[in-house]
Amino acid sequence: MNELPKAYNPNDVEDNIYKMWEEKGFFSAKPNPQKKPYSIVIPPPNITGILHMGHALNNTIQDILTRFKRMQGFEAEWMPGTDHAGIATQNVVEKKLAKEGIKRQEIGIEKFVAEVWKWREEYGSTIIRQLKRLGCSCDWQRTRFTMDEGLSDAVLEVFIKLYEKGLIYKGNYIINWCPRCQTALSDEESQHKDVEGMLYYIRYPIKGSRVDGRGAGKEGEGFIVVATTRPETMLGDVAVAVNPKDNRYKELKNKTLLLPILNRELKVVRDPLVDMKFGTGALKVTPAHDPVDFGLGLKYGLEQINVMNNDATINSIGGDYEGMDRFEAREAIVEDLKERGLLKKTKAHRHAVGHCYRCHTMIEPRLSPQWFVKMKPLAKPAVDVVKNGRIKFYPQRWTKVYLDWMDNIRDWCISRQIWWGHRIPVYYCQDCGEVIVSKARPEKCSKCGSAKIEQDPDVLDTWFSSWLWPFSTFGWPKSEPELKYFYPTDSLVTAQEIIFFWVARMIMAGMEFMGDIPFKDVYIHGTVRDMTGTKMSKSLGNIIDPLDMIKKYGADALRFSIISITAQGQDVFLSESKFELGRNFANKLWNASRFILINLKEGISVDLCVFFKDTDLTLPQRWILSRFYSTLAYVQECIDEYKFNEAANAIYEFVWHEFCDWYIEIAKSTISEKTTQVMLYKILEKSLRMLHPFMPFITEEIWRKLPRSKDSKCDSIMVQPWPHIQQNMISKDAENAMKRLIDVITSIRNIRAVWNIELKREISAVINIHEKKDEKFLNDNSDFIKKLSKVAELKIGAKIPKPKNSAVSVVGRLELYIPLEGLIDFEKERMRLQKEEDRLNSEIKAIAGRLKDKDFVLKAPEDVVEKQRMRKTELELQMKKLRKNLKDIG
RNA sequence: GGGCACUUAGCUCAGUUGGUUAGAGCGUUGCGCUCACAUCGCAGAGGUCAGAGGUUCAACUCCUCUAGUGCCCACCA
């Protein structure tokens, strides 16, 4: 017999097991007409990343789904990969080179990109190794990278298709500019954060009016006051806007203002967009540095004056301020305004400001020529498929978030001024200016024949490749059998912060390029936070490293724990101690399995149905079978509804508190019988299969030690079928009956504990029945009642008088007596209880003054047995009332 | 400014379409090294389910409002 070692050390076996799975090719899937496909695509982690708890949760969920479906007989494909994370990776490599004293500008684009590839070779697969350590059963042979040849081709294909359809255009608009990364960002990449800022009230003189320059003159006559949070942008002001309904500025019609310091002439425009309640109701208009102003500029034909360089220093427009950083310039300008008496006041002002999602630098809204995707036409079909339920969100509430965003969708800025990424497939003829959009570099201009052709220097947003992931990874635009077989995929599992970046765009791309949805279900899981509710992040240093936890508790424990405590879509608060839950469970399972294996004899791997066809089952046997199949059905249902915690907890409850605590204990008395052994073996083996998607390693380790039938095709649990639900084995009657027995046993144990009767001392018990059918029921099961409650003699019958000095317990419609004569020193017990009563009463006396009922006294009966019973019930109830009474008074 | 979630035992959280004594883990109390397991076993204590009102035979569960907490979105300079 294969015995299990006394202790389970996950770290000893997990790696080897994983290697075995991988070598046997269990992870790979391919089009198979005999089977139904099930496919998931991994949200591609970026290559600069390391595995954090969010990933651990996300990938555990996907692995549970994949393993579950694989066992259910689906051709289960879990496509892994990474994305090139343009900005993040470029930053990382830039920093690395900086340490070596190299600037990217010095070595040029080609060498730099080569450096990035080198870096990627070295570090880019870290996260993949970590996913393997977690036990993820991804189809690694298909691992994709967004910069792969195939995926790159898909990107170009899509760009050209959209361009030809008129959905991609180049234009000069206000975009989010990160001065540190020196690139444009999409709206989603600009994260709003509240900032404690200042509102500066600045006097703008009216041209031709008498102002002495020190602020004299009446407001509205000599000058008007505008409020701004970014005074440095005034260098680019071309107008001041007021609301046409604003009576304060009636006389301003046809007047011209003068920009302080630069003395540029400013128009006054009237537009209802201006909020009269904000600031002074007068808005300085800077079309090149603010989206609202930009709109006004177009509307009123205003000049667009860009005052900043790429690094947010002031350019030559700024005169004396040229070369200053934007914040330096802000201070300098404010000082100068103060000096000239043009700063009326400042006010603290809290407002939301965009920050770069990669480097957290404050975004500078800025006019810039960029490439955009027109989103409205793409959004429509993507809205329809969610509205009509072809794509479902779990939990459902995300549907609204998605639809709201889609309704207000704005064009997507896809060009980035960085080097690492897919180069925009647009070429410009240097001679005639012709724009050529083409996958390959054209030899010569199609219009004038010139060979002087330059490619657009920008690269595409990383998400412009990620949004194609569900089909580009299966070979699109080529029509591969994989694509046909596995697309649309089944489930997408991801975090909420990525709904707009990725989920929404994948749906749009799927509809546009495949003409079909990319996936059917979107499961949005919660965010992993620390115990204070803060999101775990490396920069905050509140990270619990999953790999540390794996080392300490094992991958199974990590997986099971995090799944068990994460309710559907709910954020999870994590501390290290939570992993003990999974570890303890693994330990329990291990020991129970050890016990069963030690006791098994040869030849028990008989088919359960065949074996029990002509065998009468005892109640506990029928009960444990019923409980197993009930649990199995429930677990299946929960996984299908993405309620993984409930599935995990149901298994935990079954294995630990039903199988181990009760069935195995019951089985011990008949452990040498074949029936018992078959039961233990079968329940264990099936439980392992049920648990495998959650705890793949330990279930494999135990399973491979089980005696198996000879025709077992393969020696791994992961390719075994999911247990078949045997409806006929589920019996509510058996479950209820067993519950009654458990209650009887618990009651007897309770009495023992209350009276402090050691287990070694024999007790007898009497059960008084009121209904005839109970007699047979109890007699049939009296053996294991006696065994489990350690009762030597059990008397069952109707109308048995209560023995003198008996402890009493009512269990449903049964009465239970435990005679205490000879077991208890009543005198001693009486004194002990009297002491306790006195103690309670003196406690009452101490607080009597504050009581409503000042003469309140606890009274216990004289009879010791009665008193003991009361101690448990009424006495404590009275104390409880008393305490509440006190609480009410204060 | 808009939207979404949360408020249940000392702590962290579950609670399946409203239905008899509201659950778990940790912690806590008492007992126990019973031949799988002290990463354990047995028994117990502990909750007017944030507050107010409403619908219903019945509400932790549905509706309205209030308070607190958290998150997301947003061109009030």
Side-chain angles (χ1 to χ4, degrees), chain A residues 4 6-8 174 187-188 191-192 199-200 226-230 233 241 273-286 289-296 349 351-352 354 365 395 397-398 400-401 404-405 408 410 496-497 499-500 526-527 529 531 533-535 553 557 561 564-575 577-578 580-599 634 637-638 641 643 645-646 649 652-653 657 660-661 664-665 668 745-754 756-760 788-790 872 876 880 884:
Chain A
L4 296 176
K6 189 136 191 171
Y8 176 57
I174 298 281
D187 293 337
E188 291 68 42
Q191 292 179 332
H192 288 257
L199 200 52
Y200 301 87
V226 300
T228 180
T229 52
R230 293 189 292 156
T233 63
L273 209 74
V274 179
D275 182 354
M276 288 162 42
K277 279 179 234 134
F278 188 89
T280 60
L283 164 72
K284 68 188 234 359
V285 182
T286 324
H289 287 276
D290 185 279
V292 177
D293 299 12
F294 174 77
L296 290 170
H349 181 65
H351 61 145
R397 63 172 186 271
W398 294 107
K400 186 175 152 48
V401 176
D404 285 351
W405 188 76
N408 300 309
R410 291 185 294 165
Q496 59 190 63
E497 62 252 34
I499 293 178
F500 307 136
T527 308
R529 301 173 184 282
M531 289 313 285
T534 320
K535 187 175 163 178
Y553 300 98
S561 304
S564 164
I565 61 175
T566 308
Q568 190 192 50
Q570 218 52 49
D571 288 355
V572 56
F573 291 55
L574 207 61
S575 63
S577 62
K578 305 236 163 152
E580 287 170 10
L581 177 123
R583 181 201 55 185
N584 293 355
F585 183 51
N587 185 258
K588 187 71 184 179
L589 177 71
W590 184 261
N591 281 301
S593 305
R594 257 187 81 223
F595 172 76
I596 293 170
L597 282 176
I598 286 166
N599 287 288
Y634 185 67
E637 202 183 302
C638 288
E641 290 172 4
K643 293 176 178 172
N645 64 320
E646 293 195 33
N649 292 332
Y652 179 97
E653 169 72 19
H657 297 304
C660 292
D661 285 354
I664 291 182
E665 289 308 316
K668 278 177 181 173
I745 293 163
T746 304
S747 281
I748 299 173
R749 287 171 175 174
N750 181 2
I751 289 166
R752 231 187 224 284
V754 166
N756 247 324
I757 305 168
E758 291 172 310
L759 284 167
K760 290 168 208 151
L788 292 183
S789 56
K790 301 254 192 292
K872 294 218 36 65
E876 284 183 1
K880 211 158 111 187
K884 204 175 274 174

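Each chain gets a letter, A, B and so on, in the order the sequences are listed, and its residues count up from 1.
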Margin query: Quick one: does any side-chain atom of Arg410(A) pair with a main-chain N or O of Asp187(A) as donor and acceptor, under 3.5 Å?
Written below: no
Next item on the list: Give a yes or no answer on whether the side chain of Ser789(A) reaches the backbone of Ile745(A) with a donor-acceptor pair at less than 3.5 Å.
Entry: no
Suppose you measure atom [atom1] in [N] against the same atom in [M]; what distance do you get, rounded to whole Å?
N: G18(B); M: C40(B); atom1: P; result: 38 Å
N: U17(B); M: C33(B); atom1: P; result: 47 Å
N: G54(B); M: G68(B); atom1: C1'; result: 23 Å
N: A14(B); M: G23(B); atom1: C1'; result: 7 Å
N: C11(B); M: G27(B); atom1: P; result: 15 Å
N: G15(B); M: C60(B); atom1: C1'; result: 8 Å
N: G46(B); M: G10(B); atom1: P; result: 11 Å
N: G51(B); M: U8(B); atom1: C1'; result: 14 Å

Notebook entry, point to check: So Tyr652(A) and His657(A), would you call those rings parallel, tilted or perpendicular, with 30° and 60° as cut-offs?
Noted result: perpendicular
Considering only heavy atoms from C-beta outward, does the side chain of [X] approach that of [Y] to under 4.5 Å?
X: Phe294(A); Y: Val285(A); value: no
X: Ser564(A); Y: Asn645(A); value: no
X: Lys790(A); Y: Arg752(A); value: yes

Please list, chain by chain and in numerical order, all residues satisfying salt bridge (Lys or Arg N to Asp or Glu O under 4.0 Å) with [X], sequence neighbours excluded.
X: Glu641(A); answer: Lys643(A)
X: Asp275(A); answer: none
X: Glu653(A); answer: none

Any base atoms under 4.0 Å from [X], or only sugar-phosphate, or nothing? Heavy atoms, all strands.
X: Glu646(A); answer: sugar-phosphate
X: Ser575(A); answer: nothing
X: Glu497(A); answer: nothing

Can you tell me the distance, in whole Å, between the [atom1] atom of [X] and the [atom2] atom of [N]?
X: Arg752(A); N: G44(B); atom1: CZ; atom2: C1'; result: 17 Å
X: Ile757(A); N: A43(B); atom1: CD1; atom2: P; result: 15 Å
X: Lys578(A); N: A14(B); atom1: NZ; atom2: C1'; result: 12 Å

Checklist line | Summary of protein contacts for nucleotides 1-7 of chain B, nucleotide by nucleotide, where a base hit scores B, a sugar-phosphate-only hit scores S (4.0 Å, heavy atoms) | finding: --SSSS-
Notebook entry, point to check: When you check every protein heavy atom under 4.0 Å of nucleotides 23-41 of chain B, what one-letter string (B, S, -) results, 5' to 3'?
Noted result: --S--------B-BB-BSS
Notebook entry, point to check: Quick one: is Arg749(A) getting a side-chain N or O under 4.0 Å of the A43(B) phosphate, OP1 or OP2?
Noted result: yes
Filtered N/O pairs between nucleotides 73-77 of chain B and protein, under 3.5 Å:
| unit_1 | atom_1 | unit_2 | atom_2 | d |
| --- | --- | --- | --- | --- |
| C75(B) | OP1 | Arg410(A) | NH1 | 3.2 |
| C75(B) | OP1 | Arg410(A) | NH2 | 3.1 |
| C76(B) | O2 | Asp275(A) | OD2 | 2.3 |
| A77(B) | OP2 | His349(A) | NE2 | 3.2 |
| A77(B) | N6 | Asp275(A) | O | 2.7 |
| A77(B) | N6 | Phe278(A) | O | 3.3 |
| A77(B) | N1 | Asp275(A) | N | 3.2 |

Checklist line | Electrostatic pair Lys284(A)-Asp293(A), nearest N-O below 4.0 angstrom | finding: no
Next item on the list: Can you sort out the partners of Lys578(A) under side-chain hydrogen bond (donor to acceptor under 3.5 Å, both in side chains), two or more places apart, ordered by chain and number?
Entry: none
So, using side-chain contact (heavy atoms from CB on, under 4.5 Å) as the criterion, who are the partners of [X] when residues are at least two apart?
X: Ala352(A); answer: His192(A), Asp194(A)
X: Asn599(A); answer: Phe595(A), Ile671(A)
X: Arg594(A); answer: Leu4(A), Lys6(A), Trp590(A), Asn591(A), Ile598(A)
X: Ser747(A); answer: Ser809(A), Val811(A), Leu816(A)

Next item on the list: Treat a base pair as Watson-Crick or G-U wobble with both distances under 3.5 Å, then lay out RNA chain B in dot-bracket form, 5' to 3', with | for cross-strand pairs.
Entry: (((((((..((((.....[...)))).(((((.......))))).....(((((..]....))))))))))))....
